[in-house]
Amino acid sequence: MGRKFVVGGNWKMNGDKKQVTDIIETLKKGPLDPNVEVVIGVPAIYLAYVQSIVPPSIEVAAQNCWKVAKGAFTGEISPAMIKDIGSNWVILGHSERRTIFGEKDDLVAEKVAHALENGLKVIACIGETLEEREAGKTEEVVFRQTQALVPAIGSNWGNVVLAYEPVWAIGTGKTATPQQAQDVHASLRSWLAKNVSADVAASVRIQYGGSVTAANAKELAACADIDGFLVGGASLKPEFVDIVNATK
Ligand SMILES: O=C[C@H](O)COP(=O)(O)O
């Protein structure tokens, strides 16, 4: 079975009530390719509101969550809470969480394990910095980050989307070339075949993220191992509709 194209919009810490309402109105008008899965990553404070106005064809993700169900963790939200307001997805391990908030591989893995155990689907982010790429360490880094997730995911690969986001391409306007992105996606798939299973390697969806726009989405989407995007800045704009429709 082919891998269904999946496009995530990560709004990050952007938007107010009016802007998020406008974005949903734009998405409702679309039209969005019905063969594409669309997941929007919403700031925690707007999750319930967006969930209440979004059409059923669009799924809603939290941008982070904690690794236990409840307790004295001021400022955090749990997978149980995300499920409770009707959302089914969470983005974990985003490079901004890793670099700004110091999340290491083992913490990301613990969060992934808990989210999956509680029935959430996970967009798990990996990717190298510019320094790591220039030092020839891209594969070493993305394999290490993925290896940390393997025990956490266990047999739940069907509920995981990997997002390869080279840190140097995020919010910089410097998109990876289709060849650069395809090369890493293909290496990841070979690594998964060796270290997890041939089935997982063939079926897991790998998104590309980093300065995706309507102008570059089609060319990236045409690559054999790119199964969708995780879009930041452009997901706040009407061009997100064209990005969703990039395979048409
Ligand atoms: O999660 C999305 C990525 O960080 C990409 O952000 P960007 O499209 O603004 O470069």
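Start at 1 and go down the list; that is how both ligands and their atoms are numbered. Each residue takes its place number in the sequence, starting with 1.
No side-chain donor-acceptor contact under 3.5 Å links Glu165 and Ser95. For the residue pair Glu128/Trp168, the side-chain donor-acceptor check at 3.5 Å is satisfied.
Residues Val39 and Ile91 form no side-chain contact, since every pair of their non-hydrogen atoms from C-beta on lies 4.5 Å or further apart. Looking at Arg98 and Lys104, their side chains never come closer than 4.5 Å, going by heavy atoms from C-beta outward. Inter-residue side-chain proximity for Phe229 and Val244 is flagged as unmet; no heavy-atom pair is nearer than 4.5 Å.
Listed by number with element, the atoms of ligand 1 under 4.0 Å from a non-hydrogen atom of Gly171 are 7 (P), 9 (O), 10 (O). Short contacts between ligand 1 and Glu165, defined as distances under 4.0 Å to a heavy atom of the residue, involve ligand atoms 1 (O), 2 (C), 3 (C), 4 (O), 5 (C). Within the listing of ligand 1, atoms 7 (P), 8 (O), 10 (O) sit less than 4.0 angstrom from a heavy atom of Ser211. For ligand 1, the atoms lying closer than 4.0 Å to a non-hydrogen atom of Gly210 are 5 (C), 10 (O). Of all atoms in ligand 1, listed by their number and element, those nearer than 4.0 Å to a heavy atom of Gly233 are 7 (P), 8 (O), 9 (O).
The single protein non-hydrogen atom nearest to atom 6 (O) of ligand 1 is Lys12 NZ, 3.2 Å, given as residue, atom name and distance.
The proximity of Leu230 to ligand 1, defined as any non-hydrogen pair under 4.0 Å, involves the side chain as well as the backbone.
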- Can you list the steps and then say if Glu59 with Lys121 is a side chain to side chain contact (heavy atoms under 4.5 Å, CB included)? CA-CA 11 Å; Glu59 297 168 278; Lys121 296 179 191 177; 4.2 Å; yes
- salt bridge (Lys or Arg N to Asp or Glu O under 4.0 Å) between Glu131 and Lys137, worked out: CA-CA 9 Å; Glu131 201 184 7; Lys137 291 187 171 164; over 6 Å; no
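Between Gly209 and ligand 1, no pair of N/O atoms sits closer than 3.5 Å. Between Gly232 and ligand 1, at least one pair of N/O atoms sits closer than 3.5 Å. For Thr172, no nitrogen or oxygen atom sits less than 3.5 Å from a nitrogen or oxygen atom of ligand 1, counting backbone and side chain alike.
Using a 4.0 angstrom heavy-atom cutoff, Ala169 counts as in contact with ligand 1. Not close to ligand 1: Ala234, with no non-hydrogen atom less than 4.0 angstrom away.
Between the CZ atom of Phe101 and the CG atom of Asn64 there is a distance of 8.5 Å, given to the nearest 0.5 Å.
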